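Encoded as structure tokens, the structure appears first; notes follow it.
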Amino acid sequence: MTVVGRVVALWRYPVKSMAGEELDGAEVSWHGLAGDRRWAFIRDGQVRSGFPWLTMRERPELARYRPRFAEPGRPDASPILVRMPCGGELDVADPALAAELGPGARVIKQNRGVFDTFPLSLLTVQSLASLGRLADRGRRAGPGLAAGRFRPNLLVDAPGRDFPEDDWVGRVLRIGALRMRVDQRDQRCVMITIDPVTLVRDPGILRAVARERGTRFGVYGSTVEPGRVAVGDPVELEP
């Protein structure tokens, strides 16, 4: 096997489209990182929609709601408490939280996770830097792009070329005890225009991804063999 990089950060998102939780390590099952996106809110009147979820696209301030596990050692079974922007804290299933998020909003839990496409998402440091340069063409350079804007599970440092994860599609990676198949490039939407810290929108980022990358940035994957991953683990590309 060939070492192609190293894990430099890990995140999971206990509630879809709310703030993520940065981790030192995590167990990964057939359904992604333990506790990842098991809960989500549904918009009013969208139950039969192909995409019923309430997300930052409709409510950017969801990024300022911070879920935490009441029992961190049991992320798939733990109650979740959500710290609200106002400073209060509610159980994720408390009707008062749904009411605050909008008329008719309601929460659901899916033990397999509420994923747009595949249960794992990966991005490289090199892709972030390259997209930052592309987005800054023709305008004053900004401070660079933060990974949190793209909500990956794994951030990998893979020196050598721009957008290295593109070459991994269709291949299997070994990351710690996990074996992950890289299934496809990640097709991006308007959510990446929203800075999760300031909530300011920058349409130029999505324009750059569309113009230079065919709207695709980062990769999605699925579990081939469950196992634990941790920051610092080598990323190995199987033959």
Side-chain angles (χ1 to χ4, degrees), residues 8-24 33 35-37 39-41 43 51 53-69 80-90 92 96-103 105 107 114-116 121-157 162-163 186-213 215-218 231:
V8 293
L10 290 170
W11 291 272
R12 66 180 165 203
Y13 308 88
V15 181
K16 187 176 181 68
S17 228
M18 288 188 178
E21 176 187 29
E22 190 165 0
L23 306 168
D24 293 325
L33 273 69
D36 189 37
R37 296 175 172 95
W39 294 83
F41 283 85
R43 293 172 286 150
F51 194 91
W53 319 115
L54 178 66
T55 72
M56 289 169 59
R57 280 172 283 199
E58 299 81 31
R59 296 287 301 273
E61 61 271 26
L62 281 170
R64 293 182 173 166
Y65 286 77
R66 301 195 170 277
R68 67 177 180 88
F69 295 102
I80 289 181
L81 303 174
V82 178
R83 173 70 61 177
M84 298 178 293
C86 67
E89 192 171 62
L90 293 172
V92 69
L97 179 57
E100 179 167 320
L101 296 180
V107 72
V114 180
F115 304 110
D116 292 349
S121 57
L122 182 151
L123 188 60
T124 62
V125 172
Q126 288 66 33
S127 290
L128 276 174
S130 298
L131 180 61
R133 290 191 294 271
L134 293 172
D136 283 332
R137 284 181 182 172
R139 65 180 187 180
R140 184 177 176 181
L145 299 176
R149 181 187 292 270
F150 304 95
R151 300 177 70 83
N153 294 123
L154 300 105
L155 181 65
V156 172
D157 186 11
D162 293 345
F163 306 105
D186 188 343
Q187 186 164 356
R188 296 297 182 166
C189 67
V190 71
M191 250 181 74
I192 68 171
T193 67
I194 304 166
D195 185 312
V197 177
T198 66
L199 306 188
V200 172
R201 292 181 185 263
D202 184 351
I205 294 172
L206 185 57
R207 284 198 296 267
V209 174
R211 181 183 67 243
E212 306 285 350
R213 305 284 303 155
T215 72
R216 290 166 173 81
F217 181 66
V231 172

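Keep in mind it's a predicted model, so treat the numbers as computed, not measured. For the numbers below, each heavy atom of this structure counts, side chains included, while hydrogens, waters and symmetry mates do not.
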### Query
Taking side chain as C-beta onward, heavy atoms only, is Leu101 less than 4.5 Å from Met18?
yes

### Task
Return yes if some donor-acceptor pair links the side-chain N/O of Ser17 with the main-chain N/O of Met56 below 3.5 Å, else return no.
yes

#### Entry: Minimum heavy-atom distance between Asp157 and Val125, given as atom pair plus value
CA-CG2, 4.0 Å

### Task
Using modelled atom types only, decide if a donor and an acceptor are shared between the side chain of Arg12 and the backbone of Arg37 within a distance under 3.5 Å.
no

### Query
Going by heavy atoms in the side chains, are Trp11 and Leu33 under 4.5 Å from each other?
no

### Side-chain donor or acceptor of Arg188 paired with backbone N/O of Val209 under 3.5 Å
no

#### Entry: Atom pair CG (Leu81) and CZ (Phe69), whose distance is rounded to the nearest 0.5 Å
10.5 Å

### Query
Would you call Trp39 and Val82 a side-chain contact if the rule is heavy atoms closer than 4.5 Å?
no

### Query
Distance-only, no hydrogens or angles: does the Ser121 side chain make a donor-acceptor pair with backbone N or O of Asn153 under 3.5 Å?
yes

### Donor-acceptor under 3.5 Å (Arg83 side chain, Arg68 main chain)
no

### Query
Is a donor on one side and an acceptor on the other found under 3.5 Å between the side chain of Glu100 and the backbone of Leu97?
no

### Query
Closest heavy-atom contact between Val190 and Thr193?
O-OG1, 2.6 Å

### Query
Any donor and acceptor pair, going by atom type alone, linking the side chain of Asp186 with main-chain N or O of Arg216 inside 3.5 Å?
no

### Task
Answer whether the closest heavy-atom distance between the side chains of Phe51 and Arg57 falls below 4.5 Å.
yes

#### Entry: Heavy-atom donor-acceptor pair, Arg201 side chain to Ile194 backbone, under 3.5 Å
no

### Query
Should Val15 and Val107 count as side-chain neighbours, where that means a heavy-atom distance under 4.5 Å?
no

